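Report on one structure; see the data block that follows.
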Amino acid sequence: MRTSIKNHYHEIQLTSRRSMVAILVICILIVLLISRLAYLQIYKNILYTTLSTRNAIDLVPIEPTRGLIYDRNGVLLAENIPVFSLDIIPLQVTNLQKTLIALKNVVELNDSDILQFKKQLKQHRRFDEIPLKLRLTDAEVARFTENQYQFPGVIIKARLMRHYPYGESFAHVLGYVGRINTTELNVIDQINYSASHYIGKLGIEKFYEDELHGNVGYEEVENDASGKPIRILKKTRGKPGKNLYLTIDSGLQLAAEKALIDHRGAIVAIQPQTGQVLAMVSEPAYDPNLFVLGISQQDYNALQQSEEKPLYDRALRGLYPLASTIKPYLALQGLNSGATTPDYTIFDNGTFKLPNSSRIWHDWVKLGHGRVNLPRAITVSCDVYFYQLSTKMGIKLMDDILTEFGYGSLTGIDLDNELPGVVASPAWKLKNKGTHWFPGDTTNSSIGQGDMQATPLQLASAISTLAMHGQRYVPFLLLGEQMPGKAYIVHQSTALSPIVLTDKKYWDIVINAMQDVVTSPQGTAYSLFGHGYTYTIAGKTGTAALSKRRLANEEDKQESMPLKLRDHHLFVAFAPVDNPKLAVAIITENSHNAIQTARAIFDYYLGNQPHVVRQPEKTIQ
């Protein structure tokens, strides 16, 4: 056999070639690696630096401090109180359902707490802190702190919670804050509300939500590999909400509530010279603090189904017949249009018939008032005189004067959900009822019955305008606002176009007659208003009949009727007559207590003590 001899030269060449290829491959790989590293660290430096920072640093939003609400004298009406809440960060919880069950052994949780939490869970991101229970007791804080190691992702958070120290007293004016729902979440600035769980729902809290809420702040928090916070790198303070000062006089508000106690109804008091709302009462009311914590379904159903309707804002949304409070305005129009004069006299025998009609309209006094001119017709509230006056004027002139005084339209007050009321007219009846207007409709309207409707706020605004001889102002509640550490800013009145009559003396004729309503022995408010007051006052009574009377003088039989069928009573007034400081509209449902209520209010405001607006301190935290 032939044995091959090794070719060392050939082997060296082969090894060299293979080495060169290996070295070339390695060099190419090194170049590629260096290129990739250069690409990542130089060209993509900003991107991966940001991602790295995000892994190590969290931006934690800080809820801004909600602004406080004061009355005109600096009395605190809505405050923030410190509480401890139990919050859950869903991202850090392994088994959420198991955690919720286990937490029941440490803190007291009810079905409402769990339900509210699950609602909030759908509306927030998984790394947000979502409150499970607000206002932990000291014992609950201690128990959870002792067992916190068992609940990763569950923390105790110190926060400020809204509180209304007067409870029911200012409920319908202030409104309340509540948990943000899905509908609101789609409307609000989600970045600014990223740390907020509450928003204004009604009243001032809702209307001035932007001013009260403020702007969110942030903390840059460094985390370890497990996501546990190590330290705060940077803190950007949020902008707190503004402190608001309302036109409301809390003393007058409480006095009005006390006067209306045990009666359903509403009171609105306005400063005629500015349009500032000094009191706005709707009774009965509710405790807004129930809604802040999250009202239970049982409690909410009780409020909603109550026959007393405590959730119903009668002052802003209650629609009532104008009744005889309409008569001063029709008297002004009668004088202004020439349909009547101060001396024009009729004989009231207690009945009235339209031409070519067999129907009889009765006066509220069965046998009538005898000879009556315009001033006396207002003083004794003579229905027959205004039946005849309406026949002369017609519904258009009646509508015109009521519209000028603001009836049938929104007053423009800085609150949501106001209703405009109704100034009945042929066009309105055809549109809303599909029927034509009849002469009898005009007759009914002349005493504020039929389809005529107004809110207590409209009644107060109109009587303020009359007190000022036609000068109109938009009623408003915001007196001023102030950022902590900044200057106090005053909110100015908004004047509207005045009501101008052909002769200014017509104002005095009607106002003097309204003064006799209270001071004359024949006046409809004389016996109930009483004696001993030191101020001058002009007013007008009204009775909103809820049942059809068979007799003209059935007024005195009201006490024998079921409570819900008794008439509503109205009283509008202003004082002092020559320099009006207070104009009031009062309605008491199924009760004749309106005039006595007015007496208590005017006595407090004009006979008790001077009421001066206290300017707040320059810096209020």
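Hydrogens, waters and symmetry mates play no part in the numbers below; they use all other heavy atoms, side chains included. None of these values were measured; they are calculated from a predicted model. Residue numbers start at 1 and run along the sequence shown.
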**Message:** Test side chain to side chain contact (heavy atoms under 4.5 Å, CB included) on L419 and L410; report intermediate values, then the result.
**Reply:** CA-CA 7 Å; L419 292 181; L410 300 177; 5.7 Å; no
**OP:** Check the pair F602, V584 against side chain to side chain contact (heavy atoms under 4.5 Å, CB included), reporting the backbone distance first and the verdict last.
**Re:** CA-CA 9 Å; F602 282 106; V584 174; 3.9 Å; yes
Test log, rule side chain to side chain contact (heavy atoms under 4.5 Å, CB included), inputs I199 and E205: CA-CA 8 Å; I199 194 171; E205 292 278 23; over 6 Å; no
Report task. Given side-chain hydrogen bond (donor to acceptor under 3.5 Å, both in side chains), test T274 with Q271 step by step and report yes or no. Result -> CA-CA 6 Å; T274 61; Q271 189 179 82; 2.6 Å; yes
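Heavy-atom contacts from other residues, nucleotides or ligands closer than 6.0 Å to CZ of F151 number more than 12. Within 6.0 Å of atom CD in Q148, more than 12 heavy atoms from other residues, nucleotides or ligands are found, so the atom counts as buried in its surroundings. In the displayed structure, I81 atom CD1 is contacted under 6.0 Å by more than 12 heavy atoms of other residues, nucleotides or ligands. For N186, the CG atom counts as densely surrounded, since its 6.0 Å shell holds more than 12 non-hydrogen atoms of other residues, nucleotides or ligands.
Minimum heavy-atom separation, A323 to L570: CB-CD1, 4.1 Å. Listed here is the closest heavy atom pair of D87 and K157: OD2-CB, 3.6 Å. Of all heavy-atom pairs between Y473 and P272, the closest is CD1-O, 3.6 Å. The minimum heavy-atom distance linking Y166 with L76 is given by the pair CE1-O, 3.5 Å.
Judged by distance alone, with hydrogens and angles left aside, the side-chain atoms of E209 form no donor-acceptor pair with the main-chain N or O of K206 at under 3.5 Å. Not a single donor-acceptor pair under 3.5 Å links the side chain of D287 to the backbone N or O of E168. Checking side-chain atoms of Q482 against main-chain N and O of K486 turns up a donor-acceptor pair under 3.5 Å. Of the possible donor and acceptor atoms, none in the side chain of E283 sits under 3.5 Å from a partner among the backbone N and O of G265. Side chain of Q458 to main chain of T455: a donor-acceptor pair is present (N/O by atom type, distance under 3.5 Å, no hydrogens or angles).
In this structure, a donor-acceptor pair under 3.5 Å is present between the side chains of Q150 and N147. Of the N and O atoms on the side chains of S85 and R159, at least one donor lies less than 3.5 Å from an acceptor on the other residue. A donor-acceptor contact under 3.5 angstrom links the side chains of Y208 and D414, judged on distance only. Side chains of Q253 and S169: a donor-acceptor N/O pair is absent below 3.5 angstrom, by distance only. At a cut-off of 3.5 Å, with distance as the only test, no side-chain donor of T588 or H568 sits close to an acceptor on the other residue.
Residues forming a side-chain hydrogen bond (donor to acceptor under 3.5 Å, both in side chains) with T182 (at least two apart in sequence, or on another chain): Q123. Among residues two or more places apart in sequence or in another chain, the side-chain hydrogen bond (donor to acceptor under 3.5 Å, both in side chains) test is passed with N417 by none.
You'll find the ring centres of Y286 and H172 inside the 6.0 Å limit.
Under the side-chain hydrogen bond (donor to acceptor under 3.5 Å, both in side chains) criterion, the residue pairs touching residues 305-314 are R314-E589, with sequence neighbours excluded.
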